[in-house]
Every structure is written in C-alpha cells, then in structure tokens.
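Reading through the structure tokens given below for one structure.
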Amino acid sequence: MSKEVRVRFAPSPTGPLHIGGVRTALYNYLFARKMGGKFLLRIEDTDQMRFVPGAEKYIQESLAWLGISADESPWKPGDCGPYRQSERKADYMQYALDLVEAGHAYYAFDTSEELEAMRERLTAARVVQPQYNSITRTQMKNSLTLPAEEVKERLASGDPYVIRVKIPRKEEVRLNDMIRGWVMVHSSTLDDKVLMKSDGMPTYHLANIVDDHLMGITHVIRGEEWLPSAPLHVLLYKFFGWEDTMPQFAHLPLLLKPNGNGKLSKRDGDKLGFPVFPINWENQETGETAAGFREQGYLPDAFVNFLAFLGWNPGDDRELFSLEELVDAFSVERIGKSGTKFDIEKAKWYNEQYLRAKSDQELANYIIEDASKEGVELVQEVAVKAAGLTKGRVTFPRDLWNESKFLFVPLTSFDEDVAAKKWNGDAVKVLTHYSIAITNFEGTFDAETAKTMLGDSAEAEGIKIGKVMQAVRLAVTGSGAGPDLMEVFAILGAKEVSNRIQFALNTLPVIA
RNA sequence: GGUCCGUUCGUCUAGGGGUUAGGACGCAUCCCUUUCACGGAUGAAACACGGGUUCGAUUCCCGUACGGACUACCA
C-alpha cells in the first residue's frame, strides 16, 4: 500500500501565467485526480525583484476558469502551509545551515564584480565551462578558502554572503524520469548553485526541495526546462537525507512555436496572432496587456480538451473529453517525449465542437447578450431559433450574433458582387409577385409555406425558381450566403420579408 | 562551446522486428444542399540520414545531421 499521491503546481507570480504553465497545472491536476490524490498550488515568490502585483490573482482566476481546483493553496490552506514561499522565508535558512554544517554547502562572499572577473578570466583561459564549481571555488572568497576566523568575522559584521551547494567532484547522479527513463549526469558538469541569496531568500533550487519534502510531494510534474537542474535536486535530496521520500520526476515536453523553432514564450502572443495566455492580462503599473483565450471566445472545456492533447493522448481515436473524462483516461505513460508545436486551428476546431454540443437555449443567451450590447433587445424564443439556425456555422460565441444579426436589424446594403451576378429582370419579376402574394398573407408563414408560395410566384412568372434563388436571398438578407433561406423567412415573418423585398426592389438597380 | 533531451504525414499523434504505417486538424475533390456552412465520402500527405544486429528494420543498438532546453544571488 503506497502512500497518497500529492502533486503541486508551483508558478511564480512574475506576470500572466502562460499556456505552457497552464498545461503543467492541468497535467498535475489530472494526475492527482486520477490517482485519488491531492493537488496543491504553491506560489514561488522568492524573487522579490520580479514580483508583479496581480499575477497571483491572475493565476487563481485562470485556473478557476478552467475548473482546475486545488485541494490546498494560499486561498485554501491545508496542513502544510503557508503556501507562499515568501511566507516560509524563515524556515529555509535553517535547512541551508544544516547543509553547511554537514559539509554539503558553504558561505560565499564574492561580489558580483568578482564573479564576473572570474568568468572573464576563465573564458580568456579557454575554459569551456566558466562556472563556480569544485575547481574554481578554491580561488574564490568562501568559507572553504578563507580562514575560519575571517569567515566568522565577516558573518558577524554583516558582510553580504550567499550559501552555495558544494557539488561533489566525482559522482554519477542518476534519476529515473517517468517520461524519459534513466537520465545520468556527472557531477563534474554541475556547478555550485546558490541556495540562499544575499537577500535572505532561498533560490528555487533550495526552496522547491524543502517545500516539496515538507509538503509530502510524491511526484514532481514540471516542464522540461527543469531537466538540466534535476540532478542538482536529486543531490540535494541526498544531502538532506531524504532519498527515501524523494518524489518521482516527470519532465513534460515543451510547447513550441507553431512556425518552427523555440519554445512558446510570453512575447509570442502578439506576433503569432493568437493568445498564449488563458485570460486577459493587464499590468496595472506598466500598462502592459496581453490577450487571453477566454476573451477571444474559447470555451473552458474546449480549451482544456485542446491543451490536454498537446503532448498527451488517450491511445485510441477519441478526441472529445470533458475534464472528468480526461481524469479517467489520463496516465503519465501516455505523455509524449518530444516538443509540441502549437496549432491554433486545432484549438478552433475544438471550440466549434463544444459550441455545437450546446443547446439552442444556452446559445441563445450569447446572442441576447451581444445583441443588447448593440442596443437590440431580443426575446428568448426568437434568439433560440436564431441560435439553432447559426450554430453550425460559427467558431466563437460572438459569431452567433454576427451570423444572425441580419435577422434583427434593417438591411442597409447589399453584397455588390452577388447583385452584379444574380440581380436580373427575372428575379425582379418573381420578387415583385412574391412580395405582393405574401404581404397580406394571414396564415402561418412557416418554412414550408414560404417555400410553396415562392414556388408559385416563380411558376406564375414562368421562371425556374433555381435561377432566381440567390437574388431572393440577396434581397432579404443582403448577402449571398447564409442559413436555410426558408427558415429565415419563417423567423422574419411574411410582413417583414415582403418589406425587405420592397426595399430591395427600390434600392437595387432596375434591370429590364 | 559544454551538459542534457528529442526526431512517424504541414501540425497533433497511434503503432511497433514482417502492417495497404492508423486516427485527428488543416488542405483538395465529390455527395448532401436552389447559397455558404454543417454533415457524409474519398484523396494527396510521414517513419531525418548512415552504419550495424537480424532471414527481415520505421520499430533494437551505435554514429551523424537537425531541432530544443539548460548553462543567473530567475523561476
């Protein structure tokens, strides 16, 4: 009987959460639910310089929109709080000190200028890897090179210092990644990463190990950009003596730019013409804004479904999955290894699928809302009909109103190309006849009736109905394309159709 | 440069020692439709390359190429 699965999503509040992060959150969530475990959200705000107000709220709102709920978070604390690293600040130093005590870490007093000088010196000496490591640390100012007395004095006098991990000179570090299998790295290629910064805050490397341990995290599912530092993390677990409870790692393939190369970054949104963020973002201080999927008209279910399939698949031909179904079907084994290019067309397709699956009643609300923004008040019943007529032709909810708008507002113009091609004497004859026929029509003007009467008018004029159909559509809708014309007539009603035909007859050029 | 990761249609992917290499998006054609769209059908479209191993490699191994990530007192 293994212990309960506990996973975490640990974003840092440095701006809007980008889509890759959202996917990471999703996979963590799916895994936790699938395994009957817990999904926690931890805010990694150890970088005070990059902290952006509002980013935390953005993360919260984004996940809420998608239905990704955390069992424990800053807003819903469990037994392992606090869930913001800045609020755990006091604890990290002791852990770092324990490492120093055990000889796995040391104080370093080098200034940034000295570090820079070291790198330049090494570069000049053609050292391939100018870094702070088992070789170079012997020439730097740290507690391994300085006399114990001086170290004590510097510490006592408040000299700025960092604590660095002391990477062993020769050691093979292995980890068994759930997605990539065994990964082996030699410690000689690792550097003595800073664990505690001079501002008293831990770096990611220290904080994430300490917190994951303290929070009982069993699986770390994160982006592939963390793979290179994973060996360091494994070493840290070992130094702390936590090997037995070290989480399993799963490094997710990256989300790539659609046009080719490089991982999808925050800046790509504007360039590529589609959002890279879940919801709209606005930085109050800088005025920086970014577009979100939600505001573009993507449905949360569709977006989640789309995102889940970016790097994962169920192993069969099914494509449409609700969040619950994703939970049921999810497994880490079925996550791919290679980077995934982002294809907005597929996202649109998903949105169309989910939109069409909605009832006319539900869709009608979008139409009513959008219409009222333009000062048009619609009754539910008509909006429902309009929704039914147009839902097969749209990608986003807002398209519903755009596609059905012509039903509710007076025509002001006619498509010129269609007019040039289809508006002719025959059409005028039929339309004139039809207009008169229906203007005083008393019965139920349903699609069937409208069609029969139109056929009768054409026959009376001795003209084939098919020849003038496009002109009829043009006269009543102003366009050469649209939903079933007779259904449109039924919604419009005989009176309105007649009026529109009259308007067209008066507006369009008269042709003999 | 170094370390690590990766490579099946344009894209997302299934598959896995012997298959007509399957599906989805997109694209094209046809059908449906008195329009456009939806829907249906069909089609074009892929195992990066070179060596092994093997009776047989897209599949296993090794190289090469290409791509990517990382290489901060950022996460």
Side-chain angles (χ1 to χ4, degrees), chain A residues 10-14 21 44-47 49-50 85 108 110-112 115 123 126-132 160-164 177 179-181 183-186 188-191 193-205 207-208 222-231 251 253-254 256 258-263 306 309-320 334 336-350 352 356 390-394 403 418 422 451 454-455 458 464-470 472-474 477 479-486:
Chain A
S12 91
T14 53
E44 309 228 326
D45 53 351
T46 53
D47 187 347
M49 298 304 289
R50 294 204 310 156
Q85 290 185 328
D110 316 276
T111 63
S112 51
L115 289 172
T123 306
R126 299 224 201 105
V127 171
V128 282
Q129 201 81 326
Q131 57 185 17
Y132 210 117
Y161 67 92
V162 299
I163 294 178
R164 285 179 182 273
D177 188 271
I179 293 173
R180 280 145 225 288
V183 177
M184 200 274 280
V185 180
H186 197 94
S188 61
T189 65
L190 269 26
D191 63 340
K193 282 270 183 287
V194 169
L195 263 20
M196 289 297 295
K197 300 185 267 190
S198 56
D199 65 1
M201 276 290 198
T203 59
Y204 170 83
H205 302 297
N208 105 85
R222 77 229 297 196
E224 193 187 339
E225 67 267 29
W226 291 111
L227 196 49
S229 56
H251 289 94
L254 263 16
L256 274 16
N259 54 3
N261 317 314
K263 74 172 173 178
F306 165 69
F309 272 67
L310 250 30
W312 171 87
N313 75 85
D316 55 38
D317 286 348
R318 292 175 299 160
E319 300 271 352
L320 268 15
R334 297 211 64 86
K337 290 177 168 65
S338 49
T340 304
K341 284 180 187 150
F342 190 89
D343 180 15
I344 196 65
E345 291 305 322
K346 194 95 179 216
K348 286 181 185 169
W349 178 79
Y350 272 110
E352 287 164 1
R356 277 165 208 157
T390 53
K391 74 170 168 184
R393 354 178 15 95
V394 301
E403 285 287 324
V418 180
K422 304 289 184 178
K451 187 174 183 177
L454 182 59
K464 282 264 200 184
I465 184 74
K467 304 202 90 174
V468 298
M469 210 57 194
Q470 278 294 79
V472 175
R473 174 179 291 281
L474 179 72
T477 71
S479 158
D484 188 281
L485 230 209
M486 294 308 127

Between [X] and [Y], is there a donor-acceptor pair closer than 3.5 Å when you use the side chain of the first and the backbone of the second?
X	Y	answer
A/D45	A/Q85	yes
A/K197	A/T46	yes
A/T203	A/V194	yes

Checklist entry - On a plain distance test, is the side chain of A/K193 in donor-acceptor contact with the base of B/A72 below 3.5 Å? => result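 Result: no qualifying N/O pair found.
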Next on the checklist: Given the structure, check if the side chain of A/R50 and the base of B/C74 hold any donor-acceptor pair shorter than 3.5 Å.
Outcome noted: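 Looking at the base of B/C74, it does pair with a donor or acceptor on the side chain of A/R50 (distance under 3.5 Å).
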Counting just side-chain N and O atoms, does [X] come under 4.0 Å of either OP1 or OP2 of [N]?
X	N	answer
A/K341	B/U11	yes
A/R164	B/C73	yes
A/R334	B/G15	yes
A/K346	B/G23	no
A/K422	B/U35	no
A/T340	B/U13	yes
A/T46	B/A75	yes

Checklist entry - So which one's nearest nucleotide on RNA chain B is more toward 5', A/D316 or A/E345? => result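 Between the two, 5'-proximity favours A/D316.
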Checklist outcome for this item: Judged by nearest nucleotide, the residue sitting upstream toward the 5' end of RNA chain B, A/A347 or A/H205, is A/A347
Checklist entry - When we call it a touch if two heavy atoms are under 4.0 Å apart, what does A/D45 touch: a base, just sugar-phosphate, or nothing? => result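 Contact class for A/D45: none.
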Next on the checklist: At 4.0 Å (heavy atoms only), tell me whether A/F309 reaches a base, stays on the sugar-phosphate, or touches nothing.
Outcome noted: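 Touches sugar-phosphate only.
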Could you give the distance separating [M] and [N] at their [atom1] atoms, to the nearest angstrom?
N	M	atom1	answer
B/C30	B/A21	C1'	26 Å
B/G23	B/U42	C1'	16 Å
B/G6	B/U20	P	31 Å
B/G22	B/C60	C1'	23 Å
B/C66	B/C47	C1'	16 Å
B/U13	B/C73	C1'	42 Å
B/G68	B/G50	P	23 Å
B/G15	B/U8	P	14 Å

Just wondering, do [Y] and [X] contact through their side chains at under 4.5 Å, heavy atoms?
X	Y	value
A/R222	A/H251	yes
A/E224	A/I179	no
A/Y350	A/E319	yes

